[in-house]
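The structure appears below as structure tokens.
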Amino acid sequence: MEVAHDVALAPFTTLRLGGPARRLLVATTDDELVSAARGPDPEDGPVVLLAGGSNVVVADRGVDGTVVGVATRGVEISRAPDGTAHVTVAAGEPWDDLVARCVEEGLAGIECLSGIPGSTGATPIQNVGAYGQDVAETIVRVRVLDREAGEILDLTGEDCGFRYRDSAFKGNDRHVVLRVTFALRPDPGGGAARYAELARPLGGDAGD
């Protein structure tokens, strides 16, 4: 795992704001992320996770502790005989890249969520959505580190407590998302465009 000291955090955020982290770890595997998220020596201060850095504002004074950069990668696609697919994605995978790949693979269910910045691991926390779709519709499993219990758990979509732009993960740091599994359907044309603003550029009407 890469370790650096007194690293400016501004380049790691989309708003390009932020002073230095006293200690920066970059986790590229699930094992590294689990080890780092469980926390180093207490003398190293608090542990803060930073993935895509979307809309994150870091104070000019920085973080007097350890920042863990979530840089895990990996996409596994498992297809059933009927063409439906389970797509399991590492938390650090860029979300928009995943959407583009699923569209290229002819898999529908998250195509309206193109253009949303950030990492895949952040999507269940916010229950990311746009244009009539949200990830709660397709998430079937979220693998997490439960920091309180010290265990790795596989949670179902129901366990996640999804609500509009909300989930059981939001507002606390108990769970660290490691991987997310989506159930997508084969449909090269995509689903219905529920919003007129989306349908018009595609040459149709809402519902087409």
Side-chain angles (χ1 to χ4, degrees), residues 1-41 44-59 62-78 86-102 104-105 110 113-128 135 139 141-147 150-155 160 167 169-170 172-182:
M1 187 157 36
E2 297 178 31
V3 183
H5 297 273
D6 298 319
V7 179
L9 294 175
F12 296 90
T13 71
T14 56
L15 297 177
R16 297 296 183 260
L17 296 173
R22 176 148 59 93
R23 189 167 180 257
L24 175 67
L25 308 180
V26 179
T28 59
T29 68
D30 286 0
D31 287 345
E32 289 180 349
L33 180 53
V34 168
S35 176
R38 278 180 169 152
D41 189 293
D44 289 321
V47 176
V48 178
L49 300 182
L50 182 65
S54 300
N55 300 328
V56 174
V57 178
V58 179
V63 177
D64 187 18
T66 298
V67 173
V68 178
V70 182
T72 54
R73 294 289 187 272
V75 178
E76 300 175 7
I77 300 177
S78 175
H86 277 192
V87 182
T88 300
V89 189
E93 280 285 343
W95 173 251
D96 199 35
D97 292 353
L98 173 67
V99 175
R101 175 169 176 180
C102 290
E104 290 170 0
E105 296 271 355
I110 58 174
L113 308 183
S114 175
I116 295 175
S119 63
T120 299
T123 61
I125 296 172
Q126 173 75 3
N127 186 16
V128 164
V135 293
I139 288 178
R141 185 170 63 253
V142 181
R143 175 163 289 184
V144 301
L145 165 67
D146 183 330
R147 285 166 139 173
E151 298 176 345
I152 294 175
L153 307 174
D154 284 321
L155 305 179
C160 296
S167 75
F169 306 120
K170 198 170 181 181
N172 67 79
D173 61 358
R174 174 173 177 172
H175 296 103
V176 177
V177 176
L178 304 175
R179 292 184 175 264
V180 186
T181 299
F182 304 87

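In this text, all values refer to a predicted model and were calculated from it rather than measured experimentally. Atoms considered below: every heavy atom in the structure, side chains included; atoms not considered: hydrogens, waters and symmetry mates.
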Inset, instruction - Sorted by first residue and then second, give each side chain to side chain donor-acceptor pair (under 3.5 Å) pair with at least one member in residues 86-95; sequence neighbours left out. - result: T88-T181
Legend entry - Sidechain-backbone polar pair: E32 side chain, T28 backbone, donor-acceptor under 3.5 Å: yes
Inset, instruction - Could you grab the distance from atom CG of D31 to atom OG1 of T72, nearest 0.5 Å is fine? - result: 11.5 Å
Legend entry - Pairing residues for F169 by the ring pair (Phe, Tyr, Trp, His ring centres under 6.0 Å) criterion, not counting sequence neighbours: H175
Legend entry - Nearest atoms (heavy-atom pairs only) where T120 meets A90: CB-O, 3.9 Å
Inset, instruction - Kindly write out the residues that satisfy side chain to side chain donor-acceptor pair (under 3.5 Å) with T14, not counting sequence neighbours, or none if the list is empty. - result: none
Legend entry - Pairwise distance CD1(I110) to OG1(T123) - rounded to 0.5 angstrom: 8.5 Å
Inset, instruction - Using the test side chain to side chain donor-acceptor pair (under 3.5 Å), find all partners of E2 that sit at least two apart in sequence or belong to another chain. - result: none
Legend entry - Spacing of R141 atom CZ and L155 atom CG [to the nearest 0.5 Å]: 10.5 Å
Legend entry - Heavy-atom pair of closest approach, residues A91 and V70: CB-CG1, 4.2 Å
Inset, instruction - May I ask you to decide if I125's main-chain N or O and S167's side chain share a donor-acceptor pair within less than 3.5 Å? - result: yes
Legend entry - Partners passing salt bridge (charged side-chain N to carboxylate O under 4.0 Å, His left out) against R174 (at least two apart in sequence or in another chain): D146, E148
Inset, instruction - With sequence neighbours left out, write down each residue that passes side chain to side chain donor-acceptor pair (under 3.5 Å) with S114, or none if nothing qualifies. - result: D96
Inset, instruction - Could you pull out the closest heavy-atom pair between V128 and L113, with the gap in Å? - result: O-CD1, 4.1 Å
Legend entry - Atom pair CG/CZ of D64 and R23 - distance to nearest 0.5 Å: 12.5 Å
Inset, instruction - Apply salt bridge (charged side-chain N to carboxylate O under 4.0 Å, His left out) to R143 and list each qualifying residue two or more places apart in sequence or on a separate chain. - result: D154
Legend entry - Contacts of type side chain to side chain donor-acceptor pair (under 3.5 Å), residue D173, not counting sequence neighbours: none
Inset, instruction - Please identify each residue that fulfils side-chain contact (heavy atoms from CB on, under 4.5 Å) with V58, with sequence neighbours left out. - result: L9, T13, V56, V63
Legend entry - All side-chain contact (heavy atoms from CB on, under 4.5 Å) counterparts of A122, not counting sequence neighbours: S119
Legend entry - Test side-chain contact (heavy atoms from CB on, under 4.5 Å) applied to E151 - qualifying residues, sequence neighbours left out: A149, L153
Legend entry - Residue pair A37 / V176: nearest heavy atoms and the distance that separates them: CB-CG2, 3.8 Å
Legend entry - Nearest heavy atoms of L24 and V7, plus distance in Å: CD2-CG1, 3.8 Å
Inset, instruction - Find out whether I77 and R101 are in side-chain contact, i.e. whether some heavy atom of one side chain is under 4.5 Å from a heavy atom of the other. - result: yes
Legend entry - With P94 via side-chain contact (heavy atoms from CB on, under 4.5 Å) - residues at least two apart: R73, D97
